[in-house]
There are 2 protein chains.
Amino acid sequence: MSRSGADLALLLLGGYRTLVDAAVVELAARGYDDFRPVHDFVMRAVAAGADTASEVGRRTSVSKQAAAKTIAVLVDRGYVSSEADPADARRKRLRVTERGFDVLRQGEAIFDELREAWGRRIGAAELALLEERLTTLVGDDVVRPDAPGWVARDAG
Amino acid sequence: MSRSGADLALLLLGGYRTLVDAAVVELAARGYDDFRPVHDFVMRAVAAGADTASEVGRRTSVSKQAAAKTIAVLVDRGYVSSEADPADARRKRLRVTERGFDVLRQGEAIFDELREAWGRRIGAAELALLEERLTTLVGDDVVRPDAPGWVARDAG
DNA sequence: GTCGGTTCGACAACTTGGTTGTCTAAAACT
DNA sequence: AGTTTTAGACAACCAAGTTGTCGAACCGAC
C-alpha cells in the first residue's frame, strides 16, 4: 500500500500537532494557561540576545510591528520585561523575566517527556532513525529564520 | 546525541511545511495562485457530500459562520458553486465546480510527486517505514474531524 | 392545522497573528 | 552640520477564526 503524498503531509502535521497540543495542555495544567507556541519562539529570540522589538522581528522573520505586538503581550503577561535603554533613547531594552525562563524550561522538559514516551512506544532506536531520516529530508536548519509565520496559529 | 523533544516537534513541522510550501508554490505556478491548504479541506468536505455551509462546518469542526466565510471565498473564486435548494428554501446547495475538481486533482498529483522525490532521497522502503512509525505514533485518524483550526494559517 | 423548537444562512463585533504605510525622535555617517 | 538610517508608535487592513443575534423556513407533536 503506497500512501499518498497528501497523507504524508497530514501525518507530519499530525505528529507536530500531537506533540504541541499535548505540551500546551500540560503547560496550562502547570499554571501557564496563557502561553502559546509563538511566544516560545519570540522569547527564545529575546533570551538569545535580541533585546529590541526590531531585532526580534528580524530574527523571527516578521515585521517589527508584528514583533512589537507579540512582545507587548509577553510584557503584559509578565514573561518579558521592557525598560528604557540608557545608552539609546530610541530603544526599549527587553529581557526575559524569571517567570519567562521558568516557562521556557518547563516547556523543554515537557517536550522531552513527550519524546521519551514516543521512544517507549516504537523504541528509542527507531525514533532516532525517524529523526535522522527527517533531518535528511528537511534539513538541519528547521528553525531557520527566513520562514515567516512558521509557527503561528498552530496551537489554537 | 539524543535530540530534544522540541527539536522533534520542529522537525515534524518542518517536514509538513516543506511539503505544503512546495505544493502551494507549484499550484500557483500552474495557475492557482489563490488557493490555500484550508480550501482543500473545505472542498473535500463539499465533494464528500457536505452540501451546505452548516454541514461543512460540522465536518471540519469549525463554526458554521467560519465555514460560510471560507465557502464565500471559494464561490467567489469559482471553485465551488452555490445555488438555491428547491427542496428547502433555507439551504444553499453547494457543489465543487470543474475548476474545483481540477485543483484538487492537481494538488494530489503534486503531493504524490513530492513524496516520490523524498522516496528517491532516502529510499522508498525507508520512507514507507517512516510513514509506518508515524502512523503508529499519531494514529491513522490524522484527518479526524474533531480538531479545530488544524490546517489554518499553514501556508501563508 | 397551528405552535414551538430546531436549523439555515446572514450579519455584526471581536480575537490573533500577521501585513503596509506613515510618522517622530534619536542616533550615526561623512 | 546635514543627511540617512534606525527604533518604536500608530493606523488601517487581511485572513481565519470566534460568539452572539436574528429572521425565515422547516419539522414534529399535540
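We name chains A, B, ... by the order of the sequence lines, and we start the count at 1 in each one.
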Student: Can you name the closest pair of heavy atoms from A/Phe111 and A/Ala23 and give their distance?
Tutor: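 Taking A/Phe111 first and A/Ala23 second, the nearest heavy atoms are CZ-CB, 3.7 Å.
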Student: In whole Å, I'd like the distance from the CD1 atom of A/Ile71 to the P atom of D/dA9.
Tutor: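 From A/Ile71 CD1 to D/dA9 P: 10 Å.
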Student: Backbone N or O of A/Arg91 within a donor-acceptor pair of the A/Thr52 side chain at under 3.5 Å?
Tutor: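 No; judged by distance alone, with no hydrogens or angles, the pair does not exist.
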Student: In whole Å, what is the span from the CG atom of A/Asp51 to the P atom of D/dT6?
Tutor: 16 Å
Student: Side-chain N or O of A/Arg93 versus OP1/OP2 of D/dG8: is the shortest distance under 4.0 Å?
Tutor: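 No.
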Student: Search all heavy atoms of B/Ala47 against all heavy atoms of B/Phe101 and return the closest pair with its distance.
Tutor: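 Shortest heavy-atom separation between B/Ala47 and B/Phe101 comes out as CB-CE2, 4.1 Å.
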Student: To check you understand the geometry: which heavy-atom pair defines the closest contact between B/Phe35 and B/Val24, and what is its length?
Tutor: O-CG1, 4.5 Å
Student: Between atom CG in B/Asp40 and atom P in D/dA16, what is the gap in whole Å?
Tutor: 13 Å
Student: Using the closest heavy atom to pick a nucleotide of DNA chain C for each, name whichever of B/Thr52 or A/Val73 lands nearer the 5' end.
Tutor: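 It is B/Thr52, whose closest nucleotide lies nearer the 5' terminus.
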Student: Calculate the interatomic distance between A/Asp85 atom CG and D/dA7 atom P; express it in whole Å.
Tutor: 12 Å
Student: Listing request: all salt bridge (Lys or Arg N to Asp or Glu O under 4.0 Å) pairs with a residue in residues 95-107 of chain A, at least two apart in sequence or in separate chains.
Tutor: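 Every pair satisfying salt bridge (Lys or Arg N to Asp or Glu O under 4.0 Å) with a residue in residues 95-107 of chain A: A/Asp34-A/Arg99, A/Glu83-A/Arg95, A/Glu98-A/Arg105, A/Asp102-A/Arg105.
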Student: Between atom CZ in A/Arg36 and atom C1' in C/dT15, what is the gap in whole Å?
Tutor: 12 Å
Student: Taking all atoms of both residues into account, what is the closest heavy-atom pair of B/Ser54 and B/Lys64, and its distance?
Tutor: OG-CD, 3.8 Å
Student: Could you check how far CD of B/Glu83 sits from P of C/dG9, rounded to whole Å?
Tutor: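 Distance check: B/Glu83 CD to C/dG9 P gives 13 Å.
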Student: Please report the shortest heavy-atom distance between A/Leu12 and B/Gly15, naming the atom on each side.
Tutor: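 A/Leu12 and B/Gly15 have their closest heavy atoms at CD1-C, 3.6 Å.
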Student: Do you know which of A/Leu130, A/Leu137, A/Thr135 makes side-chain contact (heavy atoms from CB on, under 4.5 Å) with B/Leu11?
Tutor: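 It is A/Thr135, the one option of A/Leu130, A/Leu137, A/Thr135 that forms the side-chain contact (heavy atoms from CB on, under 4.5 Å) with B/Leu11.
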Student: Whole angstroms only, please: what is the CZ-P distance between B/Phe41 and D/dG17?
Tutor: 11 Å
Student: Do A/Arg121 side-chain atoms and B/Thr136 backbone N/O form a donor-acceptor pair below 3.5 Å?
Tutor: yes
Student: What does nucleotides 24-30 of chain C look like as a protein-contact string, B for base, S for sugar-phosphate only, - for none, at under 4.0 angstrom between heavy atoms?
Tutor: --BS---
Student: With the threshold set at under 4.0 Å for non-hydrogen atoms, list the residues of residues 63-70 of chain A touching DNA chain C in residue-number order.
Tutor: A/Ser63, A/Gln65, A/Ala66, A/Lys69, A/Thr70
Student: Rounded to the Å, how far apart are B/Arg58 CZ and D/dG17 P?
Tutor: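 Distance, rounded to whole Å: 17 Å.
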Student: For D/dT6 and A/Ser54 - does any side-chain N or O of the residue sit under 4.0 Å from the phosphate oxygens OP1/OP2?
Tutor: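 It does not, given that no N or O in the side chain of A/Ser54 lies less than 4.0 Å from OP1 or OP2 of D/dT6.
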Student: Side chain of A/Lys92: nearest nucleotide among C/dG18, C/dG9, D/dA9?
Tutor: D/dA9
